[in-house]
Amino acid sequence: MQYSERPPHAELANYVRCIWTFDASPDDGSAGVQRVVPDGCPEIILHYGQHCHEVNASGKLERQPRFLFAGQLSQPLLLQPSLQAGMIGVRLQPAGARIFLGMSMRDTPNARLDLTQVWAQDGGNVIDAVRTACNNHARVQIIERFLRRKITYQRVVPDRAVAHGVALLQRHAGKITVDDIADQCELSSRQLERRFLNEVGFPPRLLASIFRFRRVFDLVEQSNLGVLTAIDAGYFDQPHMIRDFKRFSGQTPHAFLNALQGFGSAMIGGDVANER
């Protein structure tokens with residue numbers, strides 16, 4: 001199994017956090033159901049190998065589109081990589097999707113959109129180019145060129161107030177209020193929430209909770225999952241952290257971390273080596 005992340009082209013950096021690739025083979029043990037948890041970032045994903053499947057609300061496996069937009073997660077996603085998976089993903093900034101899709105993010109949380117329907121022929125062309133590329137470096141370049149053209153074509157004006165609010169939440173999640181952010185942006189709290197829903201898909205309080213939850217993974221290697229980790233991450237106490245883990249992962253912290261494997265581990269920077 002190989003997972004790697006690369007920083008985006010400079011022209012994409014305001015909207016893209018990183019570009020990743022994931023490859024698996026039938027004998028590497030990575031094809032079981034994996035638990036992917038919220039991180040505050042939507043994704044654009046293209047399967048150049050076999051399609052992955054996800055567990056739907058009925059508990060059945062449902063094949064993902066070849067080229068998809070994965071909206072913000074507010075709950076765990078149970079994903080089953082294929083036996084011969086090949087994926088390239090664009091991890092967007094929390095408010096980075098609208099610049100490429102040209103649409104409000106309000107209805108996209110926990111949704112998967114088929115990008116061949118959103119982008120029509122353009123989507124089909126990029127699928128063909130990525131699937132016939134000789135290696136992952138070439139695939140990344142194809143995706144980057146495509147997204148750079150989309151920025152020019154869509155001509156969407158980013159919401160600077162939301163971008164500033166997201167940056168504050170990333171730095172101070174759990175330690176700054178929505179009212180404080182609204183004041184800094186010279187907006188009412190309701191105005192700020194409406195603009196967050198349009199740009200991010202989530203209200204600021206929910207995004208703050210997800211950032212705080214994800215901060216635990218940056219701290220867990222420095223200490224155990226005790227009260228100090230919880231407080232350093234922005235929680236009131238350890239039970240507060242455990243409640244968020246159950247909310248966003250469906251498991252307790254220890255159960256979730258002990259079960260991490262394969263693709264799910266890579267998505268939180270786990271034991272799979274990242275090539276940066």
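Note that the numbering runs from 1 along the sequence shown for the chain.
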Working to the nearest 0.5 angstrom, can you tell me the gap between [X] [atom1] and [Y] [atom2]?
X	Y	atom1	atom2	value
Arg243	Lys246	CZ	NZ	9.5 Å
Cys18	Arg91	SG	CZ	4.0 Å
Asp218	Asp232	CG	CG	11.5 Å
Ile88	Arg139	CD1	CZ	8.0 Å
Glu199	Asp159	CD	CG	4.5 Å
Gln75	Leu73	CD	CG	7.5 Å

Close side-chain approach of [X] to [Y], heavy-atom, < 4.5 Å:
X	Y	result
Cys52	His47	yes
Leu187	Arg195	yes
Tyr15	Pro8	no
Leu147	Ile151	no
Ile242	Gln251	no
Leu68	Ile44	no
Asn198	Met105	no
Ser189	Asp179	yes

Distance-minimising heavy-atom pair for [X] and [Y]:
X	Y	result
Gly102	Val156	CA-CG2, 3.9 Å
His172	Arg215	N-NH2, 4.1 Å
Ala133	Ala138	CB-CB, 4.0 Å
Ala182	Leu192	N-CD2, 3.9 Å
Gln93	Pro42	O-CD, 3.7 Å
Cys185	Ala161	SG-O, 3.5 Å

Taking atom [atom1] of [X] as the centre, does the number of heavy atoms from other residues, nucleotides or ligands within less than 6.0 Å exceed 12?
X	atom1	result
Arg148	CZ	yes
Asp107	CG	no
His137	NE2	no

For this session: With side-chain hydrogen bond (donor to acceptor under 3.5 Å, both in side chains) as the test, would you mind laying out the steps for Arg6 and Ser4 before giving the verdict?
Result: CA-CA 7 Å; Arg6 298 166 174 82; Ser4 67; 3.0 Å; yes
For this session: Given salt bridge (charged side-chain N to carboxylate O under 4.0 Å, His left out), test Lys150 with Asp122 step by step and report yes or no.
Result: CA-CA 10 Å; Lys150 281 296 171 189; Asp122 283 349; 3.2 Å; yes
Please check if the side chain of [X] supplies one atom and the backbone of [Y] the other of a donor-acceptor pair under 3.5 Å.
X	Y	value
Gln72	Cys41	yes
Arg17	Gly96	no
Asn110	Ser74	yes
Thr252	Ala255	yes
His240	Phe236	yes

Is it true that the side chains of [X] and [Y] contain a donor and an acceptor less than 3.5 Å apart?
X	Y	answer
Asn125	Gln121	yes
Thr116	Asp114	yes
Asp180	Thr177	yes

For residues 201-213, dump all side-chain donor-acceptor pairs below 3.5 Å to protein atoms at least two apart in sequence or in another chain.
from: Ser209; atom 1: OG; to: Arg205; atom 2: O; distance (Å): 3.2
from: Arg212; atom 1: NH2; to: Asp244; atom 2: OD2; distance (Å): 3.4

For the hydrophobic clusters of this structure (ILVMFWY residues joined by side-chain heavy atoms under 4.5 Å, transitively), does one cluster hold both [X] and [Y]?
X	Y	answer
Val16	Ile45	no
Val118	Ile143	yes
Leu115	Phe22	no
Met103	Val200	no
Val90	Val130	yes

Problem set entry | Derivation of the side chain to side chain contact (heavy atoms under 4.5 Å, CB included) call for His9 and Gln141 | CA-CA 9 Å; His9 187 280; Gln141 291 185 316; over 6 Å; no
Problem set entry | Among Asp23, Thr21, Thr132, the one residue meeting side chain to side chain donor-acceptor pair (under 3.5 Å) with Tyr48 |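 For Tyr48, the side chain to side chain donor-acceptor pair (under 3.5 Å) test succeeds with only one of Asp23, Thr21, Thr132, which is Asp23.
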Problem set entry | CA sep, side-chain torsions, deciding dist, call: Leu257, Phe217, side chain to side chain contact (heavy atoms under 4.5 Å, CB included) | CA-CA 9 Å; Leu257 293 173; Phe217 302 122; 3.8 Å; yes
Problem set entry | Pair Glu11-Glu144, side chain to side chain contact (heavy atoms under 4.5 Å, CB included): steps then yes or no | CA-CA 9 Å; Glu11 290 182 22; Glu144 286 185 324; over 6 Å; no
Problem set entry | Inter- and intrachain pairs under ring-ring contact (aromatic ring centres under 6.0 Å, His included), touching residues 95-128, at least two apart |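 Matches after skipping sequence neighbours: Phe67-Trp119, Trp119-Phe146.
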Problem set entry | Salt bridge flag under 4.0 Å for residues Arg112 and Glu54 |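 Looking at Arg112 and Glu54, the cut-off is met.
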For this session: Starting from the C-alpha separation in whole Å, work towards a yes-or-no answer on side chain to side chain contact (heavy atoms under 4.5 Å, CB included) for His53 and Gln64.
Result: CA-CA 6 Å; His53 292 74; Gln64 290 189 329; over 6 Å; no
Exercise. Is the NZ or CZ atom of Arg35 positioned over Phe256's six-membered ring, under 6.0 angstrom from the centre and within 45° of the axis?
Worked result: no
